[in-house]
Undergrad: 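Handing you this structure, nothing more for now.
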Amino acid sequence: TAAWNKARGPADAMLVDIVFVIDATGSMGDEIDDVKTSLMAIGNRLANRKPRPDVRFGAVFYRDVVDTEIVREIPLSNNLPAVREGIMDVKAEGGGDWPEHVGIGLHKALEMDWSHSEGGVRLVYLVADAPPQNYDDGYDIPSALSIARRMGVKIHVIGCSGLGSGIASMQEIASSTQGTFSHFERQHNDQRGTTYSASSSTSRRRESSKVDGPF
């Protein structure tokens with residue numbers, strides 16, 4: 001069986017595109033570091049699945065309109081070390097009021113070249129500790145969600161500490177694309193290091209059986 005699978009070659013591999021859309025304002029410093037730390041582990045787990053999927057990663061970091069750099073994009077690529085290097089260069093800084101420009105982050109992710117995963121798995125993981133701020137600039141949330149649904153992109157939202165009353169708006173983003181919402185909390189009471197807890201729905205566990213999630 002192993003030889004037969006090998007003979008099939010990469011043409012039969014599951015095609016997967018995953019984009020991390022991450023709030024890069026100052027309060028997100030710890031979470032950005034977590035993504036940096038875990039990205040290689042995620043790639044390694046996916047690479048060792050059988051049959052091995054054909055996976056590309058990308059990332060979008062967004063802030064708010066008051067910041068000098070509102071958005072930074074790392075295009076989808078199967079060169080995981082190069083994607084990781086791009087992510088390592090991003091620093092959490094800026095932000096003013098609580099809501100941030102989530103819409104521009106989602107739009108820039110959806111504007112990437114997703115043709116690789118046609119007929120495959122398309123995922124966005126939105127990692128944030130603040131709800132969307134709406135601006136009249138064409139990068140609104142409703143149009144981003146409409147595009148995502150048309151493209152078949154599921155948006156899984158990971159709400160970080162500090163999201164508070166912004167949870168409802170982020171849950172709506174996830175549910176409107178058949179994605180899921182999870183809480184991500186950092187706990188510092190373990191001498192062995194930082195521990196994490198996340199609440200996940202059954203539907204997300206089913207998704208994870210196909211492709212490992214980021215956390």
Side-chain angles (χ1 to χ4, degrees), residues 17-36 39 56-77 83-84 86-117 122-182 184 214:
D17 279 335
I18 299 175
V19 179
F20 298 92
V21 178
I22 304 164
D23 180 341
T25 55
S27 62
M28 282 289 293
D30 289 341
E31 282 77 12
I32 288 178
D33 287 342
D34 294 337
V35 173
K36 292 175 180 178
L39 181 56
R56 299 191 309 168
F57 289 96
V60 176
F61 292 85
Y62 67 89
R63 297 187 177 93
D64 209 349
V65 294
V66 298
D67 298 303
T68 303
E69 184 182 45
I70 301 175
V71 65
R72 182 184 298 190
E73 305 165 50
I74 300 171
L76 279 160
S77 171
V83 174
R84 183 178 184 274
I87 289 176
M88 292 294 288
D89 287 339
V90 176
K91 300 292 186 291
E93 59 187 7
D97 54 357
W98 180 42
E100 310 296 353
H101 204 343
V102 179
I104 197 170
L106 292 177
H107 273 274
K108 292 300 182 181
L110 296 168
E111 289 171 4
M112 290 186 180
D113 178 10
W114 293 75
S115 58
H116 163 85
S117 56
R122 294 176 167 180
L123 304 174
V124 164
Y125 286 97
L126 173 58
V127 186
D129 67 350
Q133 178 77 283
N134 295 317
Y135 297 100
D136 187 19
D137 59 0
Y139 294 116
D140 59 286
I141 295 295
S143 63
L145 298 180
S146 177
I147 294 169
R149 289 191 295 266
R150 186 169 66 248
M151 292 175 57
V153 177
K154 286 187 178 181
I155 301 175
H156 295 307
V157 180
I158 300 169
C160 301
S161 58
L163 185 56
S165 61
I167 288 176
S169 61
M170 300 300 263
Q171 287 175 326
E172 185 176 351
I173 290 174
S175 63
S176 68
T177 61
Q178 297 185 342
T180 58
F181 177 89
S182 297
F184 181 64

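Predicted, not measured: the structure shown is a model, and the values here were computed from it. The first residue in the sequence is number 1, and the count goes up from there.
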Undergrad: Could you measure the distance from the CG atom of D129 to the OG1 atom of T25? Nearest 0.5 Å is fine.
TA: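 Going from the CG atom of D129 to the OG1 atom of T25 covers 5.5 Å.
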
Undergrad: From the options F57, Y125, W114, select the one residue that forms a side chain to side chain contact (heavy atoms under 4.5 Å, CB included) with V19.
TA: W114

Undergrad: For the residue pair V21 and A109, what are the closest heavy atoms and their distance?
TA: CG2-CB, 3.6 Å

Undergrad: Which atom names give the shortest non-hydrogen contact between A174 and V157, and what distance separates them?
TA: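 The pair with the smallest heavy-atom distance is CB-CG2, 3.8 Å.
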
Undergrad: Measuring from I173:CD1 to I141:CD1, what's the distance to the nearest 0.5 Å?
TA: 4.0 Å

Undergrad: Below 4.0 angstrom, N of the basic side chain to O of the carboxylate: do R63 and E69 qualify?
TA: yes

Undergrad: List the residues meeting side chain to side chain contact (heavy atoms under 4.5 Å, CB included) with A59, not counting sequence neighbours, and say none if there are none.
TA: F20, F61, I74, I87

Undergrad: Kindly give the heavy-atom pair with the smallest separation between A144 and L110, and that separation in Å.
TA: O-CD1, 3.2 Å

Undergrad: Restricting to side chain to side chain contact (heavy atoms under 4.5 Å, CB included), what partner residues turn up for D137, sequence neighbours left out?
TA: H101, Y135, Y139

Undergrad: Of all residues at least two apart in sequence or in a different chain, which pass the salt bridge (Lys or Arg N to Asp or Glu O under 4.0 Å) check with E111?
TA: K108

Undergrad: How close do L123 and V153 get, counting heavy atoms only, and between which atoms?
TA: C-CG1, 4.3 Å

Undergrad: How long is the gap from CG on D23 to CG on D64, to the nearest 0.5 Å?
TA: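 Interatomic distance, D23 CG to D64 CG, rounded to 0.5 Å: 9.0 Å.
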
Undergrad: Take I70 and Y62 through the test side chain to side chain contact (heavy atoms under 4.5 Å, CB included) and record every step on the way to the result.
TA: CA-CA 6 Å; I70 301 175; Y62 67 89; 5.8 Å; no

Undergrad: For the atom pair NZ (K91) and CE (M88), what is the distance rounded to the nearest 0.5 Å?
TA: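 That separation rounds to 7.5 Å.
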
Undergrad: Rounded to the nearest 0.5 Å, what's the gap from CD1 on I18 to CZ on R56? Could you check?
TA: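 Going from the CD1 atom of I18 to the CZ atom of R56 covers 11.5 Å.
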
Undergrad: Any chance you could lay out the side chain to side chain contact (heavy atoms under 4.5 Å, CB included) test for M28 and C160, step after step, and finish with the verdict?
TA: CA-CA 8 Å; M28 282 289 293; C160 301; 4.1 Å; yes

Undergrad: Hey, is CD on E172 packed in by over 12 heavy atoms from elsewhere, all under 6.0 Å?
TA: no

Undergrad: Is any side-chain heavy atom of P132 closer than 4.5 Å to one of E100?
TA: no

Undergrad: Side-chain contact test, heavy atoms from C-beta onward, threshold under 4.5 Å: evaluate it for M170 versus L126 and give yes or no.
TA: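 Touching, per the 4.5 Å side-chain cut-off.
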
Undergrad: Looking at T177 and I155, what are the two nearest heavy atoms and their distance?
TA: OG1-N, 3.0 Å

Undergrad: Side chain to side chain donor-acceptor pair (under 3.5 Å) with S77: which residues, sequence neighbours excluded?
TA: none

Undergrad: Which residues pass the side chain to side chain donor-acceptor pair (under 3.5 Å) test with R122, not counting sequence neighbours?
TA: S117, E118

Undergrad: Can you tell if the side chain of P131 reaches within under 4.5 Å of the side chain of L163, non-hydrogen atoms only?
TA: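 A side-chain contact under 4.5 Å exists here.
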
Undergrad: Partners of Q171 by side chain to side chain contact (heavy atoms under 4.5 Å, CB included), sequence neighbours excluded?
TA: I167, F181

Undergrad: When rounded to the nearest 0.5 angstrom, what distance separates CD in Q178 from NZ in K154?
TA: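 Atom-to-atom, Q178:CD and K154:NZ are 6.0 Å apart.
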
Undergrad: Of the non-hydrogen atoms in G138 and S143, which two are nearest, and what is the gap between them?
TA: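 Scanning both residues completely, I find the closest heavy atoms to be O-OG, 4.1 Å.
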
